[in-house]
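Nothing here was measured: the structure is a model prediction, and the numbers come from that model. The chains referred to below are lettered A, B, ... by the order of the sequence lines, with proteins before strands, and numbering in each begins at 1.
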Amino acid sequence: EPEVTQTPSHQVTQMGQEVILRCVPISNHLYFYWYRQILGQKVEFLVSFYNNEISEKSEIFDDQFSVERPDGSNFTLKIRSTKLEDSAMYFCASIQGLANYGYTFGSGTRLTVV
Amino acid sequence: GENVEQHPSTLSVQEGDSAVIKCTYSDSASNYFPWYKQELGKGPQLIIDIRSNVGEKKDQRIAVTLNKTAKHFSLHITETQPEDSAVYFCAAASGTYKYIFGTGTRLKVLA
């Protein structure tokens, strides 16, 4: 069964440093998402991406965040200057298109900001 | 904006018993309601979903019911097994495909 792949599985970074979280969505999927889950809390929407541009973003997704699909396969989330409160699990998800609402999630990247 | 409430936050059942998890949503435009199972250290896995034009859907031991008028939907797991132990999330979505998740239910199936 096709999978969404995320790397790294765990990233530890110093506060103020930049991090890039990487995702390889399923190859024929067209809509891509980033969600985050702070430990013990619910999964929260960050951003959706379609046709090489952001289609929607949440209040959490401020100027410190950016997304990119640099080469047609990878989908990256960059946090420019990490804060302690950015520590969370970050999940990438993708869906094929209009007829299929069911996300396939990756296994996540645990980001720890120290 | 959309808000999804989920209850209970924890649920313990004996193996073989049924488990029911309930969610309510606020946005009447929501038209898709998936349920996800999350095991420790893994990403959420879709287990069943329902669209707003359907009242009930069943897949083996798992069923979901939707009451559009009351804006609530429920997950029913029958004949629970230890491997059903996990955190379950409901979500609501509209045409933008953005999911709003519930707060999760930690289900423990006691052998």
Side-chain angles (χ1 to χ4, degrees), chain A residues 1-10 21 23-26 29-51 53-61 88-110, chain B residues 1-10 21 23-27 29-54 57 59 62 64 66 73 75 86-106:
Chain A
E1 189 171 330
E3 290 184 343
V4 173
T5 305
Q6 287 186 245
T7 55
S9 58
H10 192 188
L21 309 183
C23 170
V24 179
I26 294 172
H29 284 193
L30 301 176
Y31 297 81
F32 313 111
Y33 305 83
W34 283 100
Y35 283 75
R36 80 170 186 190
Q37 185 180 32
I38 294 171
L39 187 63
Q41 298 185 25
K42 67 177 174 181
V43 181
E44 299 175 291
F45 171 78
L46 291 178
V47 65
S48 58
F49 191 87
Y50 169 71
N51 201 25
E53 61 183 25
I54 290 173
S55 45
E56 191 169 354
K57 60 184 180 180
S58 72
E59 293 173 353
I60 303 167
F61 195 90
M89 280 291 285
Y90 287 80
F91 292 106
C92 173
S94 67
I95 57 172
Q96 188 172 28
L98 291 173
N100 184 341
Y101 277 20
Y103 288 173
T104 300
F105 278 95
S107 54
T109 293
R110 179 172 297 284
Chain B
E2 172 71 284
N3 185 45
V4 177
E5 301 282 340
Q6 184 171 347
H7 300 280
S9 55
T10 60
I21 303 170
C23 288
T24 59
Y25 61 99
S26 60
D27 188 355
S30 293
N31 56 9
Y32 176 70
F33 308 93
W35 285 89
Y36 280 82
K37 177 183 180 182
Q38 186 178 27
E39 295 174 291
L40 196 63
K42 296 184 179 179
Q45 299 269 315
L46 179 68
I47 56 171
I48 196 166
D49 56 10
I50 191 167
R51 298 179 193 268
S52 59
N53 59 347
V54 175
K57 183 176 177 181
D59 183 3
I62 296 173
V64 56
L66 171 65
F73 56 113
L75 177 72
V87 179
Y88 290 82
F89 290 96
C90 64
S94 63
T96 60
Y97 308 106
K98 179 180 78 176
Y99 285 12
I100 303 299
F101 281 89
T103 47
T105 296
R106 183 173 299 280

From CA spacing to verdict: ring-ring contact (aromatic ring centres under 6.0 Å, His included), Tyr33(A), Tyr99(B): CA-CA 10 Å; Tyr33(A) 305 83; Tyr99(B) 285 12; 7.2 Å; no
Portion of Pro34(B) that has a non-hydrogen atom of chain A nearer than 4.5 angstrom: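 No part of it gets close to chain A.
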Ring centres under 6.0 angstrom apart (Tyr103(A), Tyr36(B)):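 Ring centres of Tyr36(B) and Tyr103(A) not closer than 6.0 Å.
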For Glu44(A), all residues meeting salt bridge (charged side-chain N to carboxylate O under 4.0 Å, His left out), sequence neighbours excluded: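 With neighbours one apart ignored, the set is Arg36(A).
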Contact class of Tyr50(A) relative to chain B, heavy atoms under 4.5 angstrom: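 Looking at Tyr50(A), nothing touches chain B.
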Which atom of Asn3(B) lies closest to which atom of Lys42(A), heavy atoms considered: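 Shortest heavy-atom separation between Asn3(B) and Lys42(A) comes out as OD1-NZ, 4.4 Å.
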Pairwise distance NZ(Lys98(B)) to OG(Ser55(A)) - rounded to 0.5 angstrom: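 The distance works out to 10.5 Å.
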Heavy-atom side-chain contact between Gln38(B) and Gln37(A) under 4.5 Å: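 Contact flag for Gln38(B)/Gln37(A) side chains = yes.
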